[in-house]
Amino acid sequence: MRRALNTLASFLRHPAGVIGLVILIGVVVLAIVAPTLFPVDPWDMVAAPFQPPFDGETWLGSDMLGRDVAACIAYGARVSLLIGVSSTLAALVIGVTVGAVAGYFGGRVDEVLMRFVELFQTIPGFILAILLVATLGPSLTNVILAIGAVSWPQLARLTRAEFLRLRSREFVQAAVCQGQPPLSVVLRHILPNAVSPIIVTGSLMIASSILIESALSFMGLGDPNLMSWGFMIGASRSVMRQAWWMSVFPGIAIFLTVLAINLVGEGLNDTLNPRLSRKARGA
Amino acid sequence: MTDEPLLSIENLSVALPKGGDRQFAVENVSLAVRRNEIVCLVGESGSGKSITAHAVLRLLPPGLDVAAGAIRFKDTDLARADEGTMRALRGGPISMIFQEPLSALNPLTRVGQQIAEAIITHAGAKLSGSEVDARVIELIAAVGLPDPPALARSYPFQLSGGQRQRIMIAIAMANEPALLLADEPTTALDVTTQKQILALVRRLQAERGMGVLFITHDFGVVADIADRVVVMRNGCVVEQGAVDEVLRAPKNDYTKALIAAVPGGRPASMRGHALGTDPLLVARGLNKVFTSRQGVFRPVRRVPAVQDVALTLRPRETVAVVGESGSGKSTLARMIMRLIEPDTGAIDFDGVDFLKLKGVQLRAMRRKVQIVFQDPFAALDPRQKVGEAIARGPMTYGTPPVDAIAEAKRLLARVGLKESAYERYPHEFSGGQRQRICIARAIALKPLVLVADEAVSALDVSVQQHILELLAELREEMSLAMLFITHDLRVASEIADRIVVMRRGEIVEQGETQSVFGAPQHAYTRELLEAIPGRSLFGRPHEPSANLRFA
């Protein structure tokens, strides 16, 4: 508990991380209060089409069907965050398991698993994601699965490297000599010491997942029942010159969210891996 | 010797950043090095000996600054000289050699070029290319390396530790320095290599009339090389004087304690304890070859680490396995722990073939053989409370948590720590304390055999003494058989009943401690014994007549 508080305290000394955290909290709050702020379904027409922003009826203007851009962004935040977090979780589960098994057992097991990882790494990630969604059908679960499937190899490699490094460490060998079964050695000694870089990579992965999701939706491969930032930009691309607000505001939303997550991730990196941090922190 | 000091450090204080455990890293230190003499700066870790030497070249780590005092070299005050003056001095009139020659050499440049660089930096354009080359060859020959032209073309990784250190010395000698600073230059080397390097430093110093400031923690090395000694503790000089005076008749209590703590000088206190007769552990025909594949189409590299080794351990017996780095002694220990699987061989342990056990049976047997590692900083999980590290073992074997925790607290008290240490994390303890925790963790499982893999090598000499005493006590209390892996024959002589000497993966000699030290049969054993530093002063282990005694 004290350790957690210490970590928080040193994170708060990191100005960029705090800025990122503030923006991120803003986005999360927006996602939570979306139904209160905009009680009407974002797909409903609430105003005249092509209303410019800051102009009476709507805050950020309306699109070609008279939908409220601000409402769409608020509801889009829910989708982006949901997909970002859950696809990263999916990638974490697969990546950490594969990496841990490969790193801990080594030898033949490691070789087979790593060849499998390389198979995924040789296919361009985004094309694989498109392929998966196009084949399985554009639903929320499939989008999450597709993004998870293209993100996990990176985590698997990282976890494996950490496990290889830690497995030969003497405190791990001491635990083996104490008679602890393999699972206990992994969960009690190796994983806790490997977890910081995994958390950092995972947090940055949320940002890239949001970008992949936006790109999928932009191409019309998102879940058709969910309002998403990528979809909004995709839908507005034919009227970009007449209605700039339709693409600019969701663009800013994506930009700010991804930036915030990256800042938080870097802050976490400096807090959790002080020795790897680019800035020397005091003597 | 002239009386005019070459280097004189006067009342030097180096301030530590605020919030450190003391105000000064080095406080009010005064010492002098004259032409043509070797001054040894001795002390334990944290005594400020390295900081003092680094201050001479103004190579202090960031955050540390000279707070007061002067460092006079010839007519310059180095504490106040500008950076340009310092640059001209470094590697020129004053040069330095470091502990770890591998990290001090550029891995991607041929060693000849690195020596040439040192010459060119200071001589500039005055020398032609061929003159520089000739000088490089001359220097490599001067430090006693064979075939200088071929050696100049090799890369650091192609050389052994001793050869690298010779290259470092050649670089330091490149510009005929008046003063050589040597920061623990032999600590990372094997004992036989250490002896050669010490002889080399002595020879070069005598030939060139250099002043040498030699930093070491080992009084044996001091006895071998020093003209004068300066003893430091907690940043202060506690005693200085001629080597014979300080070593034979120390005045300061701390110096006395340090000299008394030098291993090998004390009679083995627990000798003559009752050994069991039936062997407890018998290893036969152990072989291990490490193979590494360097690519699909390249041949597999095979490094035989242990070859046909047989070893017997009786109940309550302590066997020391000694040898230099690469002799396979650690591999042997890890095979007995089943941390490394041998290629062939058998280990009969407590009535079963230990090597044939698998899974649950293996885990059940593991508690009977426990290990203490060399580096107490790496051997404890940084994220686990130390008490839990101790209690976890018995809990794995079904001891109820309440009992295991109570036992862990008792063990912490037994090894000399407070019971409240249970709730603390490893980083709150010093190296010696951590090693005590590691010992408590190992004995918590009530093993029959304790393997100590260089368990005292990383510790200061005074701490080393206490840990050895603790191990000897525990051995009697718990009827432990011990396999003691060490490179230090002095340590082996203090604790072992029997000595096994290994070289290149093979046992070359084994026997009772007394007879191995008193009448070594194998040439290699004799060579190792010859190389023990400080024999002139401390005598050979098990030659009590020659040992140093204070009245």
Side-chain angles (χ1 to χ4, degrees), chain A residues 1-7 10 104-112 114-115 118 162-199 271-277 279-283, chain B residues 16-20 61-65 293 333-334 336-340 359-360 362-385 388-398 423 425-426 434 437-438 441-442 444-445 447 450-451 453-454:
Chain A
M1 192 58 212
R2 220 178 66 205
R3 183 189 288 272
L5 285 178
N6 281 342
T7 311
S10 65
Y104 185 80
F105 290 102
R108 209 33 66 75
V109 180
D110 179 33
E111 237 162 78
V112 170
M114 280 303 116
R115 289 303 92 80
E118 279 162 17
E162 286 293 306
F163 268 57
L164 280 179
R165 180 176 69 84
L166 289 165
R167 193 178 60 133
S168 56
R169 288 285 291 275
E170 292 183 340
F171 68 82
V172 174
Q173 297 195 335
V176 173
C177 292
Q178 270 185 328
Q180 297 188 21
L183 195 64
S184 158
V185 174
V186 168
L187 293 182
R188 262 182 228 289
H189 297 283
I190 304 185
L191 202 53
N193 285 290
V195 85
S196 329
I198 296 176
I199 289 181
T271 317
L272 296 174
N273 307 327
R275 269 161 300 168
L276 301 179
S277 128
K279 274 181 251 154
R281 20 183 63 236
Chain B
L16 280 173
K18 285 197 173 37
L64 266 62
D65 286 303
R293 257 191 301 166
R334 280 172 165 70
I336 286 170
M337 295 303 300
R338 290 273 318 252
L339 288 171
I340 293 177
V360 181
L362 171 62
R363 278 215 301 283
M365 203 63 185
R366 272 200 192 279
R367 74 173 303 168
K368 295 183 184 170
V369 41
Q370 289 298 309
I371 187 164
V372 178
F373 292 101
Q374 169 170 5
D375 181 1
F377 289 83
L380 289 168
D381 186 341
R383 291 175 191 255
Q384 192 181 35
K385 287 177 189 160
E388 209 183 305
I390 300 168
R392 181 62 57 192
M395 273 149 73
T396 311
Y397 291 100
E423 294 291 334
Y425 286 92
R434 288 185 198 204
I437 295 165
C438 292
R441 173 174 65 184
L445 287 161
L450 183 66
V451 176
D453 186 5
E454 299 274 12

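A quick note: this is a predicted structure, and the numbers were derived from the prediction, not measured. Just the heavy atoms: all of them, side chains too, but no hydrogens, waters or symmetry mates, feed the values below.
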Of the non-hydrogen atoms in [X] and [Y], which two are nearest, and what is the gap between them?
X: B:L339; Y: A:Q173; answer: CD1-OE1, 3.7 Å
X: B:R363; Y: A:P181; answer: CZ-CB, 3.6 Å
X: A:G179; Y: B:Y397; answer: CA-OH, 3.3 Å
X: B:A379; Y: A:A174; answer: O-CB, 4.4 Å

>> Run the side-chain contact (heavy atoms from CB on, under 4.5 Å) test on B:I371 and A:E170 for me, step by step, so that the C-alpha distance in whole Å, both residues' side-chain angles and the decisive distance to 0.1 Å come before the verdict.
In response: CA-CA 10 Å; B:I371 187 164; A:E170 292 183 340; over 6 Å; no

Please classify the contact between [X] and chain A as side chain, backbone, both or neither, with a heavy-atom cut-off of under 4.5 Å.
X: B:A442; result: neither
X: B:R334; result: side chain
X: B:I340; result: neither
X: B:L445; result: side chain
X: B:D453; result: neither

[atom1] of [X] to [atom2] of [Y]: how many Å apart, nearest 0.5 Å?
X: A:S196; Y: B:R383; atom1: OG; atom2: CZ; result: 4.5 Å
X: A:H189; Y: B:Q384; atom1: NE2; atom2: CD; result: 4.5 Å
X: A:Q180; Y: B:R366; atom1: CD; atom2: CZ; result: 11.5 Å

> For the side-chain contact (heavy atoms from CB on, under 4.5 Å) test, which of B:P382, B:C438, B:P426 pairs with A:F171?
Replying inline: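 Looking at B:P382, B:C438, B:P426, the match for A:F171 under the side-chain contact (heavy atoms from CB on, under 4.5 Å) is B:P382.
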
>> Please identify, among B:R441, B:M337, B:M365, the residue contributing the most non-hydrogen atom pairs under 4.5 Å to chain A.
In response: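 Looking at each option in turn, the highest pair count goes to B:R441.
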
>> So which residue, B:Q370, B:R367, B:R338, ends up with the most heavy-atom pairs under 4.5 Å with chain A?
In response: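 Highest number of pairs under 4.5 Å: B:Q370.
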
